[in-house]
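Notes follow the structure.
In the text below, chain A, chain B and the rest are named by the order of the sequence lines, each starting its count at 1.
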Amino acid sequence: MSMLKWTVRLLMLLSIMGLLSGCWDNKDINHRTLPLILGVSLQDHEYKIIMQIPELVHDSVEIKMISESGKTINQAIDKISVNLEKQVDLLHIKVIILERKLAERGMKDAISGFMRSEEISDKAYIVICDEDLNSFFEHLNKTNDPKGMTLYNFFEKNAGWNPQIAISPIWQVYRSVHSYTRDVAIPMIKAGKSTICDYTGSAVIKNGKMIERISPDETLLFNAFNEQSTQGKIEVMNHASVLVVSNSLKHTTSLQNNKPYMQSRLKLKVVILETRGNPTSAIIKQEIDKLLTERFQRLFSKIQKSKADIFGIGQHFRNKIPREELVRWRTDYFPNLQLSLKIVTDIQNEGYLKIRAD
Amino acid sequence: MDKSHYVMLMYLIMHLGLIFFMYPENIIASTDAVHWIAIVSGLAVQFIFIAIYMKGLNFFPGKDIIAIYGSAGLGVSLVFLVPIVLYFLMINIITVRAYSEIISIVFLANTPLWAIMILLMLVSTYIAAKGVETIFRTGLLLGLLFLPMILLIFLASFQNVDWNYVFPLYENDFTFWTRPTFYQSFFAFAGSFLFLGFVRTHFPYKDNKVYLTVLSLVPFFIFSVYVPVLTFGQNTASTLHFPYVVVIDTLQINWLIFDRITMFFLFTLITFIMLFTSLILWMTSRIVSCCKPSIKQMYYTQGLAVVIYILCLLVPDWKKVETLFTWNAPLRFYCLIAIPLSVYYLGLRSRRKMRHEHA
């Protein structure tokens, strides 16, 4: 009896080994292809997608470009998967490039699709391509980066990112589609002459639609306003060029007669890099102030005209405007907003050379 | 001997497993702003009934809830224990079905549901069949292994919050009372505390420590709702299934080797859920085995597991799972309200009787 019992137990234990394979319909890594970059454009009411797929040729990796079109993005991907000997796996998509035409037409559905999918990470960056997507990818293909990581590193904070580049992961774009008070700026790139890509500024997105564009310098202010670090950006004035080392921001808001007012104080710490002539630190501070204030005013009036609150200013009025009213923030309140920005500059150090105080 | 730490840990694990999935979604759906009022009022109700329940149990030292009802007569036992059995069966069906669907949505898209469910059921049935000591010891093990990780991920989830979304802090809006989703949110805490009455003979505990555990869970309840709201805003968060899990998906931690923390978070919580289902299964079989005590409790556990599995297979889609939540509501409130009150009442009565006998 006990012999039988033990045999049964042993068999049961052994059968558990069958579970060790872990996954259902598991496909080995060599039967999957893991693209890092996905390009999407719109062609006569059909999505066209382009992917870079790494391929092993004689012990070295080569990047192949594959494109297909379909009514939905997933249909196009599926078509690629059908025609490929491997399964396309989007788990590692890091950057999604959308053609400008698609962004201008509205990308609500595309973004919702990315959000819905469990395969594509919500952290993947959305980028807008400022030219024809095909020619951009052809250019991208000429670079001999074996891993195809170039474009991802371009936006990665601990790699090639610079403070004048906007960063917009999928979830932030999705948030702007539904939020009352928050819009987003998406970086725009095109093929560069000597470098891989050329950063041409950012697209202002309102409810998933591109409505305006801002320059790289203006994007810097956008980043500063959203309390991203602007460390490392070099500002050039008439008499000096300085390096921004840190920035901080404070707001006070008020609402009078249903008109919103906001006072902001941007505090910059800079280091002097080069001077022209013999300026005093007071002159340098004045010049920074003038340069940034003018740039900010230009940017702000542009944003206000387009009624897209990429600064998230409405956020600061959440405790002043009731929710039912906040729905109309973009149309009723934001265009009337009075914003005054005060820039305070500290010169943290001037390097090895002395500078006169005044 | 005081074995409070086992009970505390079990209480924590059960609730952590339940909080982060449906609870935020239900609360966000039940109110547009000032979520904390909905959260706190739900928790206050829970706290009151736990207090009544424990006070009631204290009238009967060394007796578990089955013995308490048993001593009051067959009629009383039937009126109170049958709904508990039904409720526990429902809980088990819903958790196994819902969590297998969550697993399939989040990471095992190709695996058929029956396979996921069979694995979930197999593990929990095995633990449950080994008895309550095994369940609590497994709880200790899981707590030591996974609680630090859960805490870390919980803290990391504040990465993208924008505190401006907290406002408005107060609004005179109590319409959440009328929304069914508010009552669905009770799933995360109502009824599961009944285990305190089942295990007190095996694991004696101090009431104060249980209160402490209940209070220490409050921040988790509050922030499981507020983290998605603060990250996305109410309007966006209300469009999401499992908003907290989506927030975990947006986290970027550069120094971690793994790109997606969501997987770890889910694996951890699913082990908690397995333990939760095994405890519920054990309690159900404990009651059912009173019908015919000559059969070993283990066989009841296995039989019930098969019944639960078959019923789980009959639920075709997510919409039906949500309907089950609604159907379950009357039983949930019966267990939340009637059981503690009845235990308390029986306790008062038995004390009066004792005094009479002494006098």
Is there a donor-acceptor contact under 3.5 Å from the side chain of R182(A) to the main chain of F232(B)?
->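 Judged by distance alone, no pair lies under 3.5 Å.
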Taking K123(A) for its side chain and Q252(B) for its backbone only, find out whether a donor-acceptor pair lies under 3.5 Å.
->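 Such a contact is absent between K123(A) side chain and Q252(B) backbone.
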Value rounded to 0.5 Å, distance of [atom1] in [X] from [atom2] in [Y]:
| X | Y | atom1 | atom2 | result |
| --- | --- | --- | --- | --- |
| R318(A) | Q234(B) | CZ | CD | 9.5 Å |
| Q315(A) | Y165(B) | CD | OH | 4.0 Å |
| D122(A) | T250(B) | CG | OG1 | 7.0 Å |
| I313(A) | N164(B) | CD1 | CG | 11.5 Å |

Which of L122(B), L240(B), V106(B), D162(B) touches chain A most, by non-hydrogen pairs under 4.5 Å |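 Max contact count across the listed options: D162(B).
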Interface residue of largest heavy-atom contact number with chain A, from T231(B), L169(B), V166(B), under 4.5 Å =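 It is T231(B).
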Would you say [X] has more than 12 foreign heavy atoms packed within less than 6.0 Å of its [atom1]?
| X | atom1 | result |
| --- | --- | --- |
| K108(A) | NZ | no |
| K86(A) | NZ | yes |
| R265(A) | CZ | no |
| K320(A) | NZ | yes |
| Y126(B) | OH | no |
| R328(A) | CZ | yes |
| K250(A) | NZ | no |
| Y299(B) | OH | no |

For N160(B) and W171(A), run side chain to side chain contact (heavy atoms under 4.5 Å, CB included): C-alpha distance rounded to whole Å, both residues' side-chain angles, the deciding distance at 0.1 Å, then the answer.
-> CA-CA 11 Å; N160(B) 292 317; W171(A) 66 270; 3.3 Å; yes
Given the options S179(A), S121(A), P322(A), which has more heavy-atom pairs under 4.5 Å with chain B than any of the others?
->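 Heavy-atom pairs under 4.5 Å are most numerous for S121(A).
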Compare all side-chain heavy atoms of R175(A) with those of T236(B) and state whether any distance is below 4.5 angstrom.
->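 Yes, side chains in contact.
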Under 4.5 Å heavy-atom distance to chain B, tell me which part of [X] shows up: side chain, backbone, both or neither.
| X | answer |
| --- | --- |
| Y174(A) | both |
| E156(A) | side chain |
| L91(A) | both |

Contacting region of D32(B) [heavy-atom separation from chain A under 4.5 Å] |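 Both backbone and side chain.
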Atom group of L251(B) that falls short of 4.5 Å from chain A, counting heavy atoms |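 The backbone, not the side chain.
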For residues S104(B) and E118(A), report the shortest heavy-atom separation together with the two atoms involved.
->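 Closest heavy-atom pair between S104(B) and E118(A): O-OE2, 4.5 Å.
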Would you check, one step at a time, whether the test side chain to side chain contact (heavy atoms under 4.5 Å, CB included) holds for M115(A) with V246(B)?
-> CA-CA 9 Å; M115(A) 255 329 252; V246(B) 179; 3.8 Å; yes
